[in-house]
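Okay, so here's the structure we're looking at.
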Protein chains: 2
Amino acid sequence: METAGKLDRAVGARAMKPQQIREAAARLFLAQGYGAVSMDAVAREAGVSKATIYAHFADKAELFADLVKEECARQWPDTAMLESEPGDLREALMAVGMVYAELLVSPKGVQTFRMVVAESPRFPELGRAFYDGGPRLIRDKLAAYLARAEAQGKLALGDPRLAAQQFLAMLRCEHHLRALTGLDPAPAPAEIARVVAGATDMFLRAYGR
Amino acid sequence: METAGKLDRAVGARAMKPQQIREAAARLFLAQGYGAVSMDAVAREAGVSKATIYAHFADKAELFADLVKEECARQWPDTAMLESEPGDLREALMAVGMVYAELLVSPKGVQTFRMVVAESPRFPELGRAFYDGGPRLIRDKLAAYLARAEAQGKLALGDPRLAAQQFLAMLRCEHHLRALTGLDPAPAPAEIARVVAGATDMFLRAYGR
DNA sequence: GACAAACTAAACCGCCTGGTTTAGATCGTC
DNA sequence: GACGATCTAAACCAGGCGGTTTAGTTTGTC
């Protein structure tokens with residue numbers, strides 16, 4: 001509708017307020033957790049009055065769940081390499097492995113994981129959003145890719161889905177654990193590459209032909 | 001009999017107070033998290049007055065950290081099977097795999113993991129206690145075991161430590177992830193066994209001889 | 001220049017928090 | 001049977017919480 005369009009444009013500058021709030025809240029919530037962040041702190045961080053926040057979001061819980069779900073959907077990396085026909089297997093496994101393994105230890109990745117795991121008892125929707133939009137997605141894509149590779153005689157798998165799970169699980173390695181527990185917030189990229197190469201080697205030794 | 005019973009209960013009641021508090025607090029904290037549990041709730045759950053809690057523990061943070069660290073140290077399962085000389089490799093891997101994988105999806109294991117991951121930014125000591133007393137311990141034991149097996153010509157590993165990490169990582173599988181995110185609080189034991197068998201098969205296919 | 005919508009800062013509400021203090025009850029010990 | 005330690009319930013504190021309200025200001029449109 002024309003009136004609505006004009007109105008939207010007119011309020012354009014205003015309408016950025018919700019986005020400001022989302023970004024500020026995401027920063028605080030992801031860094032400090034649901035309980036440790038007050039709405040006053042969000043207002044301060046966003047440079048916005050508390051009343052404005054409550055004009056756009058029903059309550060603290062909705063704002064939090066909204067943001068974490070958004071983060072779950074947004075951060076998931078490109079896995080287009082798994083859509084094409086299988087070429088060089090080692091190359092493909094290394095590529096997808098590096099992308100996934102680096103996400104797992106990235107600050108955003110760690111923070112998101114922390115929030116989902118910590119709050120999923122009170123926000124069950126977060127668990128679903130995270131798992132379906134992340135681990136499950138990449139597992140299904142990889143399993144399909146591996147099945148195609150097997151059909152081409154490049155692999156000898158028992159169960160493609162189990163094989164995909166195993167490969168991905170090897171990427172959720174001790175560096176991931178150490179990042180989650182705060183012991184090693186930023187593992188060296190070379191270390192990550194070593195783990196990915198190790199996983200690829202082992203995978204191909206077990207299933208390659 | 002009656003007198004002795006009364007006496008026992010009286011004596012026990014006094015000495016047991018700190019333990020009552022610990023147990024009640026552990027129950028609540030592990031189930032609901034640091035922020036969501038009030039000291040009044042702990043007092044109620046323990047059947048004790050708040051003043052008594054503060055007579056035994058400096059403050060909420062100390063009580064919490066104390067308990068989680070205790071849980072980290074306590075729950076770690078028996079891995080004596082890795083101390084002996086390597087016998088049947090498949091059998092040993094299956095055994096240690098089942099113990100570890102079942103811990104990972106057990107309610108206590110999941111709750112502890114959740115607490116450590118959620119609160120380690122504010123309680124860095126928890127990360128250390130968990131990692132050193134858990135994943136690192138079992139990884140070192142398994143690596144040493146694998147190295148001995150290799151010396152006996154039963155395996156052809158590149159790096160025993162990496163191999164141990166890979167095997168254990170495969171046990172931290174999607175069931176673990178689904179338990180952490182609340183999607184599947186209690187995976188069927190048969191499912192766990194399948195994952196452990198899969199990890200063992202793959203490990204031996206890659207490294208066995 | 002009038003007008004409605006979106007915004008602002010700040011006061012305000014009731015409630016709950018972690019933590020302390022009171023005054024008194026119970027207990028084992030000497 | 002009295003003492004010191006340990007416990008109790010309950011009142012109390014200052015402060016922060018989520019959330020609302022108020023009263024007034026900016027903004028773009030007609």
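Labels below follow one simple rule: chain letters A, B, ... track the order of the sequence lines, proteins then strands, and each chain is numbered from 1. Side-chain atoms are counted along with the backbone in the values below, which use heavy atoms only and exclude waters and symmetry mates. Note that the coordinates shown come from a computational prediction; the quantities given were computed from them, not determined experimentally.
- At the heavy-atom level, Gly47(B) lies under 4.0 Å from the strands shown only through sugar-phosphate atoms.
- Lys60(A) contributes no side-chain N or O that forms a donor-acceptor pair with the base of dG19(D) under 3.5 Å.
- Note: CD (Gln20(B)) to C1' (dC7(D)) measures 11 Å, nearest angstrom.
- The CE atom of Met39(A) sits 18 Å away from the P atom of dG16(D) (whole-angstrom rounding).
- The residue Val42(B) sits apart from the nucleic acid: no heavy atom pair falls under 4.0 Å.
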Steps toward side-chain hydrogen bond (donor to acceptor under 3.5 Å, both in side chains) verdict (Tyr131(A), Glu174(B)): CA-CA 10 Å; Tyr131(A) 183 74; Glu174(B) 280 188 42; 2.6 Å; yes
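- Whole-Å rounding puts the His56(B) NE2 to dG19(C) P distance at 16 Å.
- Going from atom OH of Tyr54(B) over to atom P of dC7(D) covers 16 Å, rounded to whole Å.
- Between Lys50(B) atom NZ and dG18(C) atom C1' the separation is 6 Å, expressed in whole Å.
- Ranked by how close their nearest DNA chain D nucleotide is to the 5' end, Ala51(A) and Ala36(A) are led by Ala36(A).
- Just one residue in the list Glu45(B), Glu62(B), Glu71(B), Glu70(B) forms a salt bridge (Lys or Arg N to Asp or Glu O under 4.0 Å) with Arg22(B), and that residue is Glu70(B).
- The phosphate of dT8(D) has OP1 or OP2 within less than 4.0 Å of a side-chain N or O from Thr52(B).
- Put simply, CD1 on Ile21(B) is 13 Å from C1' on dT8(D), counting in whole angstrom units.
- Residue Ser49(A) has no polar side-chain atom (N or O) positioned under 4.0 Å from OP1 or OP2 of dA10(C).
- Put simply, the side chain of Glu125(A) never gets that close to the backbone of Ala65(A): no donor and acceptor are under 3.5 Å apart.
- Side-chain nitrogen and oxygen atoms of Ser38(B) include at least one within less than 4.0 Å of the OP1 or OP2 phosphate oxygen of dT17(C).
- The interatomic distance linking Asp40(B) (CG) with dC15(C) (C1') rounds to 13 Å, in whole Å.
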